[in-house]
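All ligand and atom numbering here is 1-based and tracks the order in the structure.
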Amino acid sequence: MSGSTRPSTIFALATPVGRGAVAVLRISGAGSADALGLLCSHPLPSPRRAVVRRLFAAEGEVVDEALVLWMPGPASFTGEDSAELHLHGSRAVIAGVSTRLIELGLRLAEPGEFTRRAFENGRLDLTQAEAIADLVEAESGGQRRQALAQLGGALSRRFEAWRDALLDALALLETEIDFPDDDVPDAIGATARSGLQKVSTELQAALADLRGERVRGGFRVAIIGAPNVGKSSLLNALAAREAAIVTAVAGTTRDVVETPISLGGQTVVLADTAGLRPTDDPIEAEGVRRAVAWAASADLRIGVVDLTRPETLGDVVGLMAADDLIVFNKADVTCCSDVQCPPHLRSVEAVALAGDVAAIRAGLEHWLRDHEEGREFPAVTRSRHRTLLEEALGHLARGQEDLTAGAELAAENVRLAVRAFERITGRSDPEAVLDRVFTSFCIGK
Ligand SMILES: Nc1nc2c(ncn2[C@@H]2O[C@H](COP(=O)(O)OP(=O)(O)OP(=O)(O)O)[C@@H](O)[C@H]2O)c(=O)[nH]1
Ligand SMILES: [Mg+2]
């Protein structure tokens, strides 16, 4: 059935392993038509029309009665002839049909092999293939939205626009190389230069934007403050579980306690940290060092202040950045403190111990919305994109330096930057990179 030069015909369970009402088995490859005909002992159904068919084992026993879909290439997901079998979802049915398909010369798909075939047949580019993996794994609404936009080409479009701008600059540089003595090249050189500068500036802004990676991995929010102000109580109230130990002893928390929570359709990783104070205890000192480091790299800091001890504001303001959130905690104990929030920070009151944290939740949701609304789709949703973007920026920086010496060297560096963009969408990428991308998929995708 499958010739040695043709890719083999593959099948895999697309639904989770185990018992379910329905199990979907996918088939793809040039041998799909023959296999489906023999499995159903029936002519092929009309393309993309669901029909009910009995499926037969080799000796003629009926192994299931299933919904069958025949999707001939090239207008299928993989671009190849494909079929889908919606089986009764028992282990025995799945085993019976799988055995028959192997007898018919099919083999079990590798992880990500369906999507890889779609990529190789030009049905989607590499960023869209990655989006499928993200969509399958999406747990928050934000992750789902981002994956769907990326699947629709939102990320590829950003890289294609930069690639186009560089190709324009490259054309100008090549004119300069071809006509070195002309008068025109001065103006041409200036246009090329400003084109390269514009792309460089945009790339720097894109690299500084962490939204895409944060939507996938969680926005990072540090809870910091002096000992005993109620940081761990706040974490527990926001997470709605006893994630961290709370006691009346100052210096209870030592490690960073990271807890993912779901908020405003996004994943947020909250980190409770050790109380900030000078100490001779080496364990606590290490805790304070980690607290400061985590806070510095966080997307947002919640500085907790104990309203019964207004001086605890001073312990935290030095570590806060503009728009960070001050929480005046223990609002149940005192109502007459005159402590003032610095103007560059926002503030809310809370009673962490009683779980009264609605204002904090609202503040965080507002901050998350600000991140998403009205902004361009991020250019980086995975470290693979970041690495290649940095590479492109490096080539461009060298290209811009070379421009003073001559167009030829500059052109070579711009060409390398163009190549980096092409590798993001998978236009030109070594096999090993593709292997790495696709093996992170699950089987059946
Ligand atoms: N009255 C009142 N007490 C609170 C509130 N929040 C926390 N506490 C109390 O304050 C004490 C310290 O709370 P923790 O949450 O452990 O404080 P922390 O900031 O994590 O302390 P360290 O880990 O030692 O830095 C405990 O006795 C809590 O019961 C609150 O809103 N009101
Ligand atoms: Mg604590």
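Salt bridge annotation for E130-R216: absent, with no cationic side-chain nitrogen under 4.0 angstrom from a carboxylate oxygen. In this structure, D299 does not pair ionically with R220, as no charged nitrogen and carboxylate oxygen lie closer than 4.0 Å.
Residues passing the side chain to side chain contact (heavy atoms under 4.5 Å, CB included) test with A237 are V357, sequence neighbours excluded. With sequence neighbours excluded, the residues satisfying side chain to side chain donor-acceptor pair (under 3.5 Å) with S232 are T253, D272.
Between I132 and F77 there is a side-chain heavy-atom pair separated by less than 4.5 Å. When side chains are defined from C-beta on, F219 does not count as touching T267, because their heavy atoms never get closer than 4.5 Å.
For ligand 1, the protein residues within 4.0 angstrom (heavy atoms only) are P227, N228, V229, G230, K231, S232, S233, V246, T247, A248, V249, A250, G251, T252, T253, G275, N329, K330, D332, V333, V351, A352, L353.
Sorted by chain and number, the protein atoms of type N, O or S within less than 2.8 Å of the Mg ion (ligand 2) are S232 OG, T253 OG1.
Within a 6.0 Å radius of CD in E311, other residues, nucleotides and ligands contribute more than 12 heavy atoms.
Closest non-hydrogen pair, W70 versus S82, comes out as CE3-O, 3.2 Å.
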The test is salt bridge (Lys or Arg N to Asp or Glu O under 4.0 Å); show your working for E286 and R289 and say whether it passes. CA-CA 5 Å; E286 175 59 17; R289 192 195 64 75; 2.8 Å; yes
